[in-house]
Amino acid sequence: MTETTNGLRGSGSAAQAAPRNVLFLMTDQHRVDTLGAYGNQHASTPVLDELARTGTRFDRWYTPTAICTPARASLLTGQAPFRHRVLANHERNVGYREDLAAGTFTFVEALRERGYNTGLVGKWHAGTEQDAADFGFDGPDLPGWHNPVDNADYLKYLADHGLPPYEISDRIRGTLPNGGPGNLLAARLHQPVEATFEHYLATRTIELLERYADDFRTGRRPFFLELSFFGPHLPYIVPDEYFDLVDPADVELPKSIAETFAGKPPVQQNYSAHWTFDTMPIEVTRKLIAVYWGYVALIDREIGRVMDALERLGLVDDTAVFFTCDHGEFTGAHRLHDKGPAMYEDIYRTPGLLRVPGGPAGQVRTEFVSLLDCTATILELAGIDPAPAVDSRSLLPLARGEQVPWAEDIVCEFHGHHFPYPQRMLREDRYKLVVNPDSTNELYDLHIDPDELMNVYEHPEMSGTRSRMMRRLYQLLRERGDNFYHWMTTMYDVGEVDYDPTQSGLDETTYRAEPAAP
């Protein structure tokens, strides 16, 4: 399951003798195919590519759910969304819990108990009433889902440096059925790079890193520091240098731009209409993708400033560095934008990089891993028992180059964004099963159809695969305690049932296995 470029292997899986510092670099709504390290020949991502070259690149890194707040709550807790029950973003919530329940375990509180400095600069979006400071994070309070360009600390930063305010033009958006403008997708920003919100976030991160470095040198107090960009989440608002960085003619459109939605859940075509895809010429889609790549390049530049500071402060050999995001982005794939009720690879498979001091360089791992696994990894780096992170498994053995038993599939979930829409997904090497109880189920053969254009769920020759995967998903959901399996018990072939699915308590003997005759 492992490929390396230099043949190096790690030597052990024991916890570090001393707690490690952790620099956690995170973006929002970030496609895996925007990075040079993942094969984009037109990418301008030298900093993240260098992190991949000097550490481990995970090729099958998935989000537990492709929606911001639930994914971020899962990172905090090491719990799958169905377990912590923060299931939707505040901005589109239709009644789900908006904050973690009191007393819920989070890795940041465990780190602080261990004596760590803990900081978060940037996007929080893991709750509504509780902010990052409530959980013990240092750093400016920056609520919301997009760059809060009216934030007092950001405005002070602009004033202190004599920088111009936020101003945009060249807006890109479609047209709604009523003739009104659709969601803003991109715009040109009339500020120099030094005035961008991304530069501001990197600057504040470096300031906090310098403070933590002093504590580490003088008192050996370790730190966890997260830089969480609001981008490249749409709308892609960047200055000229990055708005025009990529020539749209160099953009290869995703093959799924040919999506017809034939044999797919109807919600997908409705969602395409919501994002006004068909009201924009295909040249506009090319430009949107080009600007999106430019946005990633801007973020890479700002991450470079932080990585330079880490080296300047002499912290590289004492600090584990993560890079990942909460979920992906459609950016025109399947004639969609944003994320939503469609469990395609575009939004569930994400970049995941990890460099651990002393670990092999240039390593590529192909195990199925998750954003959830960061929680246990952070705890192990700190010498803390990761047991409370119940749905999380430490990635350190993989990052050290070890060969360890690992699950050959992964389960992801979704609960809704603009409206409730429960889904579960089972992804294995070749096939992906998506269960949509109120609609059309999906099955994709990713070896012959990596763009997920043909739903083969109803194809007769797939009956064996369909049945096997449905039973496997059912078993995994029951083991996890995810009550979604109740939908499956009476609707699909899930094999032997050993309980009364009506939950009436009146007919258990019908389902209880009888002892074999002597």
Side-chain angles (χ1 to χ4, degrees), residues 28-31 33-34 66-68 88-89 91-92 94 144-147 149 166-190 230-240 242-262 264-296 298 327-347 414 416-419 421 451-453:
D28 191 289
Q29 211 153 298
H30 195 154
R31 289 184 64 95
D33 59 9
T34 58
I67 184 78
C68 307
N89 290 355
E91 294 79 15
R92 304 286 188 183
V94 292
W145 66 270
H146 58 75
N147 280 341
V149 294
Y166 173 87
E167 181 185 354
I168 63 173
S169 68
D170 296 6
R171 295 165 176 83
I172 300 176
R173 62 201 329 159
T175 305
L176 295 172
N178 64 10
N183 292 280
L184 180 64
L185 300 174
R188 187 183 298 274
L189 178 64
H190 295 283
F230 289 77
H233 192 298
L234 55 77
Y236 323 134
I237 298 176
V238 291
D240 292 344
Y242 293 95
F243 194 85
D244 299 319
L245 178 69
V246 178
D247 185 344
D250 291 334
V251 170
E252 182 179 352
L253 292 172
K255 291 182 175 61
S256 63
I257 212 94
E259 180 67 76
T260 66
F261 302 111
K264 304 289 187 77
V267 68
Q268 295 184 20
Q269 188 160 14
N270 296 338
Y271 203 61
S272 178
H274 167 82
W275 283 103
T276 65
F277 180 86
D278 290 334
T279 71
M280 295 177 285
I282 202 68
E283 292 79 11
V284 172
T285 296
R286 286 188 191 277
K287 180 60 178 177
L288 281 170
I289 295 172
V291 177
Y292 182 72
W293 292 358
Y295 200 170
V296 172
L298 170 61
H327 55 80
E329 228 277 20
F330 282 121
T331 321
H334 294 277
R335 292 165 53 199
L336 299 169
H337 289 286
D338 199 46
K339 67 277 182 183
M343 302 187 84
Y344 291 122
E345 295 289 281
D346 306 272
I347 60 172
F414 189 70
H417 180 30
H418 297 81
F419 43 83
Y421 194 79
D451 301 289
E452 301 172 281
L453 284 168

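Note that the numbering runs from 1 along the sequence shown for the chain. Computed from a predicted model, the values in this text were never measured in an experiment.
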Student: Just jot down the ring pair (Phe, Tyr, Trp, His ring centres under 6.0 Å) partners of His327, sequence neighbours excluded, or say none.
Tutor: none

Student: Taking all atoms of both residues into account, what is the closest heavy-atom pair of Pro341 and Phe419, and its distance?
Tutor: CG-CZ, 4.1 Å

Student: What are the two closest non-hydrogen atoms of Gln29 and Tyr292, and how far apart are they?
Tutor: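 Residues Gln29 and Tyr292, closest heavy atoms: O-OH, 2.8 Å.
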
Student: Looking at side-chain heavy atoms only, is the closest gap between Leu234 and Leu288 below 4.5 Å?
Tutor: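 When only atoms from C-beta onward are counted, Leu288 and Leu234 do not touch, as no gap falls below 4.5 Å.
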
Student: For residues 245-259, pull every pair meeting salt bridge (charged side-chain N to carboxylate O under 4.0 Å, His left out), keeping only residues two or more places apart or in separate chains.
Tutor: Glu252-Lys255, Glu259-Lys264

Student: Going by salt bridge (charged side-chain N to carboxylate O under 4.0 Å, His left out), name the residues that satisfy it together with Arg188, two or more places apart in sequence or in a different chain.
Tutor: Asp170, Asp240, Asp244

Student: For His146, enumerate each residue passing the side chain to side chain contact (heavy atoms under 4.5 Å, CB included) test, keeping only those at least two apart in sequence or located in another chain.
Tutor: none

Student: Can you give me the closest heavy-atom contact between Ile347 and Asp338, atom names plus distance?
Tutor: CG2-O, 4.0 Å

Student: Applying side chain to side chain donor-acceptor pair (under 3.5 Å), name anything that partners Asp278, two or more places apart in sequence or on another chain.
Tutor: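 Partners of Asp278 under the side chain to side chain donor-acceptor pair (under 3.5 Å) test: Arg335.
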
Student: If you define the side chain from C-beta out and look only at heavy atoms, does anything of Asn89 sit under 4.5 Å from Trp145?
Tutor: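 No, side chains not in contact.
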
Student: Tyr242: what forms a ring pair (Phe, Tyr, Trp, His ring centres under 6.0 Å) with it, not counting sequence neighbours?
Tutor: none

Student: Compare every heavy atom of Phe330 with every heavy atom of Asp346, then report the nearest pair and how far apart it is.
Tutor: CB-CD2, 4.0 Å

Student: Show, in sequence, the C-alpha distance, side-chain angles and deciding distance for Ser169 and His190, and conclude whether the side chain to side chain contact (heavy atoms under 4.5 Å, CB included) test is met.
Tutor: CA-CA 8 Å; Ser169 68; His190 295 283; 2.6 Å; yes

Student: For side chain to side chain contact (heavy atoms under 4.5 Å, CB included), just list the numbers for Phe277 and Leu336, CA-CA rounded to whole Å, side-chain angles, deciding distance to a tenth of an Å, and then say yes or no.
Tutor: CA-CA 7 Å; Phe277 180 86; Leu336 299 169; over 6 Å; no

Student: So, do Arg173 and Pro235 sit near enough that their side-chain heavy atoms are less than 4.5 Å apart?
Tutor: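 They are not in side-chain contact.
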
Student: Once you round to the nearest 0.5 Å, how far does CE of Met280 lie from OG1 of Thr285?
Tutor: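 Rounded to the nearest 0.5 Å, the CE-OG1 separation comes out at 5.5 Å.
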
Student: Please enumerate all residues that pass ring pair (Phe, Tyr, Trp, His ring centres under 6.0 Å) together with His337, with sequence neighbours excluded.
Tutor: none

Student: Has Asn178 got a side-chain atom pairing as donor or acceptor with Gly180's backbone, closer than 3.5 angstrom?
Tutor: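 Side chain of Asn178 to backbone of Gly180, a donor-acceptor pair under 3.5 Å: yes, one is there.
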
Student: Can you tell if the side chain of Ile289 reaches within under 4.5 Å of the side chain of Pro254, non-hydrogen atoms only?
Tutor: yes

Student: Among all residues two or more places apart in sequence or in another chain, which pass the side chain to side chain donor-acceptor pair (under 3.5 Å) test with Asp451?
Tutor: none

Student: Locate the shortest heavy-atom distance separating Ala88 from Gly416; write the atom from each residue and the value.
Tutor: CB-O, 4.5 Å

Student: State the OH-CG distance between Tyr236 and Leu184, to the nearest 0.5 angstrom.
Tutor: 10.5 Å

Student: Compare every heavy atom of Arg286 with every heavy atom of Pro248, then report the nearest pair and how far apart it is.
Tutor: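 Pro248 and Arg286 have their closest heavy atoms at O-CD, 3.8 Å.
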
Student: Answer yes or no: is there a side-chain heavy-atom contact under 4.5 Å between Thr276 and Asn183?
Tutor: no

Student: Output all residues satisfying salt bridge (charged side-chain N to carboxylate O under 4.0 Å, His left out) with Glu167, sequence neighbours left out; order by chain, then residue number.
Tutor: none

Student: Do Tyr166 and Ile237 have side chains that approach each other closer than 4.5 Å (heavy atoms only, starting at C-beta)?
Tutor: yes

Student: For Asp28, which residues count as a side chain to side chain donor-acceptor pair (under 3.5 Å) partner, sequence neighbours excluded?
Tutor: Arg72, Lys123

Student: Between Gln268 and Ala342 (side chain of the first, backbone of the second, donor and acceptor by atom type, cut-off under 3.5 Å), is there such a pair?
Tutor: no

Student: With heavy-atom distances below 4.5 Å as the criterion, would you say the side chains of Phe414 and Ile67 are in contact?
Tutor: yes

Student: For Thr260, check side chain to side chain donor-acceptor pair (under 3.5 Å) against everything at least two apart and list the hits.
Tutor: none

Student: Applying salt bridge (charged side-chain N to carboxylate O under 4.0 Å, His left out), name anything that partners Glu329, two or more places apart in sequence or on another chain.
Tutor: none

